[in-house]
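Have a look at the structure below, then the notes.
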Amino acid sequence: MEPADAPPRDLAGAAELIPGTLYALGGLLPLDGRLSWVAEGVEGVAPLASYLLLEGDRALLIDTGAPVFEAQLLAQLDALVPRPPQLSVLLSRVVEFDSFGNAAAVLRHLPVDTTYSQFPPDEWLYYRHVHGTAEPPAPTRWVPLKAGVEAAIGGEGDPGRRLETLHAPLRLLVTAWMYDPATRCLFTSDAFGHAVMPDADGPRTVTAATDTTTLDEVREHLVAKFDWLETAELEPLREQLAEVFGEREIDMVAPSYGRVLVGRDVVQRHYELVQEALAGLGARAATGGKR
């Protein structure tokens, strides 16, 4: 344990969510009209995050972020991952670059025990490798990621702390959500990313004291990100969301895009906002509730 008067630890730009246990890595994106999943007129900046979970000398990285943040991510891992590294990597949406964009770079930079993903590494690991420019990353143990799989912090040989893999009710393509019972954090990949920062100095989290999110903001983000919601039958989705949030104690929601929701009351409020927004979308809403 560091002494009480120790200088602040250099986290290389990572955000400490739970000291010594959970960190948000990655960088900030300017909202200047170039992001297709942001509603028109939204201004400010938004985190594009990977998440690092620590348990003693073991670590689990959830997603690796977009290539534009490669140097920043590797510096953050150097600052936070214990030595020698006992690291595993989980990719929540291996079909999208903001999930696996830096996977090859991470595997070249640090020894990785296990990767969790929907598809095997040979289908995504080498996409940025150009022959003759860098050594290809070392192969890694692979565990197929699907609902019911438990992801181990530090690797599959570790009998300790594990996360629950959930089928993602709200998604574009094949996606997994993760729930960590130890921190009561739900990692929602590209969903629940409706809260952005007013500027680069703004808070990376939403708390009860800083929560100004409106129903209109949630609805506009949902439609911009998941445009199929306007014409789909949404009752099954809403029921699945109710099961996820009703069957678990959730004190934090950590999306790959947007601010982290912190506190049981904040999580419950934003869950209800999403449910209310969904109730006003979809095929039934478009026909006045008639099938």
Side-chain angles (χ1 to χ4, degrees), residues 1-28 46-65 69 72-73 75-83 85-90 92 106 110 116 150-155 158 160-166 176-189 191-193 195 197 201-211 244-245 248-271:
M1 181 179 295
E2 296 181 0
D5 58 351
R9 186 177 181 184
D10 181 7
L11 303 182
E16 190 171 56
L17 301 176
I18 300 177
T21 300
L22 176 57
Y23 296 84
L25 281 56
L28 302 178
L48 185 62
S50 306
Y51 293 97
L52 186 69
L53 286 153
L54 301 179
E55 179 76 9
D57 60 355
R58 303 179 302 281
L60 171 67
L61 178 65
I62 298 179
D63 289 326
T64 63
F69 295 129
Q72 190 168 349
L73 175 73
Q76 292 164 348
L77 291 173
D78 284 342
L80 290 166
V81 173
R83 296 295 190 272
Q86 296 186 48
L87 176 66
S88 51
V89 173
L90 185 147
S92 68
V106 171
L110 292 171
Y116 299 88
E150 292 186 335
I153 296 181
D158 185 356
R161 181 167 151 211
R162 289 175 173 264
L163 277 66
E164 176 189 7
T165 304
L166 306 174
W177 289 2
M178 306 302 299
Y179 175 68
D180 178 22
T183 59
R184 299 193 182 101
C185 183
L186 179 66
F187 299 91
T188 54
S189 193
F192 282 82
M197 301 161 56
D201 296 323
R204 289 275 297 266
T205 59
V206 176
T207 65
T210 62
D211 190 2
V244 170
F245 282 83
R248 294 161 186 84
E249 295 183 343
I250 301 174
D251 292 345
M252 190 180 302
V253 171
S256 59
Y257 165 87
R259 294 161 69 189
V260 179
L261 311 178
V262 177
R264 186 75 58 89
D265 291 344
V266 172
V267 168
Q268 182 63 26
R269 178 175 183 265
H270 282 250
Y271 161 72

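When reading the values below, keep in mind they use all heavy atoms of this one structure, side chains included, and skip hydrogens, waters and symmetry mates.
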**OP:** Kindly indicate, with the supporting measurements, whether the criterion side chain to side chain contact (heavy atoms under 4.5 Å, CB included) is fulfilled by Leu53 and Arg161.
**Re:** CA-CA 10 Å; Leu53 286 153; Arg161 181 167 151 211; 3.3 Å; yes
[X] (side chain) donor-acceptor with [Y] (main chain) under 3.5 angstrom:
X: Gln76; Y: Ala12; result: yes
X: Asp63; Y: Ser92; result: yes
X: Tyr179; Y: Glu249; result: yes
X: Ser88; Y: Ala151; result: no

**OP:** For Thr21 and Leu54, run side chain to side chain contact (heavy atoms under 4.5 Å, CB included): C-alpha distance rounded to whole Å, both residues' side-chain angles, the deciding distance at 0.1 Å, then the answer.
**Re:** CA-CA 5 Å; Thr21 300; Leu54 301 179; 5.7 Å; no
**OP:** Measure up the Phe192 and Phe245 rings against each other and bin them: parallel (under 30°), tilted (30 to 60°), perpendicular (over 60°).
**Re:**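 Rings of Phe192 and Phe245: tilted, 30 to 60°.
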[X] vs [Y] side-chain heavy atoms within contact, under 4.5 Å:
X: Val253; Y: His270; result: no
X: Leu17; Y: Thr183; result: no
X: Leu186; Y: Leu166; result: yes
X: Met178; Y: Thr165; result: yes
X: Leu25; Y: Gln72; result: no

Original post:
What distance do Asp211 atom CG and Arg259 atom CZ have between them, rounded to the nearest 0.5 Å?
Top reply: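 Reported to 0.5 Å precision, the distance equals 8.0 Å.
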**OP:** Could you tell me the separation between the CG atom of Asp78 and the CG atom of Leu73, rounded to the nearest 0.5 Å?
**Re:**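 Here the interatomic distance stands at 9.5 Å.
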**OP:** Using ring pair (Phe, Tyr, Trp, His ring centres under 6.0 Å) as the criterion, list what pairs up with Phe187, not counting sequence neighbours.
**Re:** Tyr51
So which heavy atom on [X] is nearest to which on [Y], and how close?
X: Cys185; Y: Ala254; value: SG-CB, 3.8 Å
X: Val106; Y: Leu87; value: CG1-CD2, 4.3 Å
X: Tyr23; Y: Leu11; value: CE2-CD1, 4.1 Å
X: Ala14; Y: Leu80; value: CB-CD1, 3.9 Å
X: Ala24; Y: Arg204; value: CB-NH2, 3.5 Å

**OP:** Give the intermediate values and the outcome of salt bridge (Lys or Arg N to Asp or Glu O under 4.0 Å) for residues Asp180 and Arg248.
**Re:** CA-CA 10 Å; Asp180 178 22; Arg248 294 161 186 84; over 6 Å; no
Subject >> Candidate list Leu77, Val81, Leu90, test side-chain contact (heavy atoms from CB on, under 4.5 Å), partner Leu61, passing option >> reply: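 Going through the options one by one, the only one that passes is Leu77.
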**OP:** State which residue, out of Arg162, Gln86, Glu55, fulfils the side-chain contact (heavy atoms from CB on, under 4.5 Å) condition with Ile153.
**Re:** Glu55
**OP:** Given side chain to side chain contact (heavy atoms under 4.5 Å, CB included), test Ile62 with Leu163 step by step and report yes or no.
**Re:** CA-CA 11 Å; Ile62 298 179; Leu163 277 66; 4.0 Å; yes
Subject >> Derivation and outcome, side chain to side chain contact (heavy atoms under 4.5 Å, CB included), residues Val260 and Met252 >> reply: CA-CA 7 Å; Val260 179; Met252 190 180 302; 3.5 Å; yes
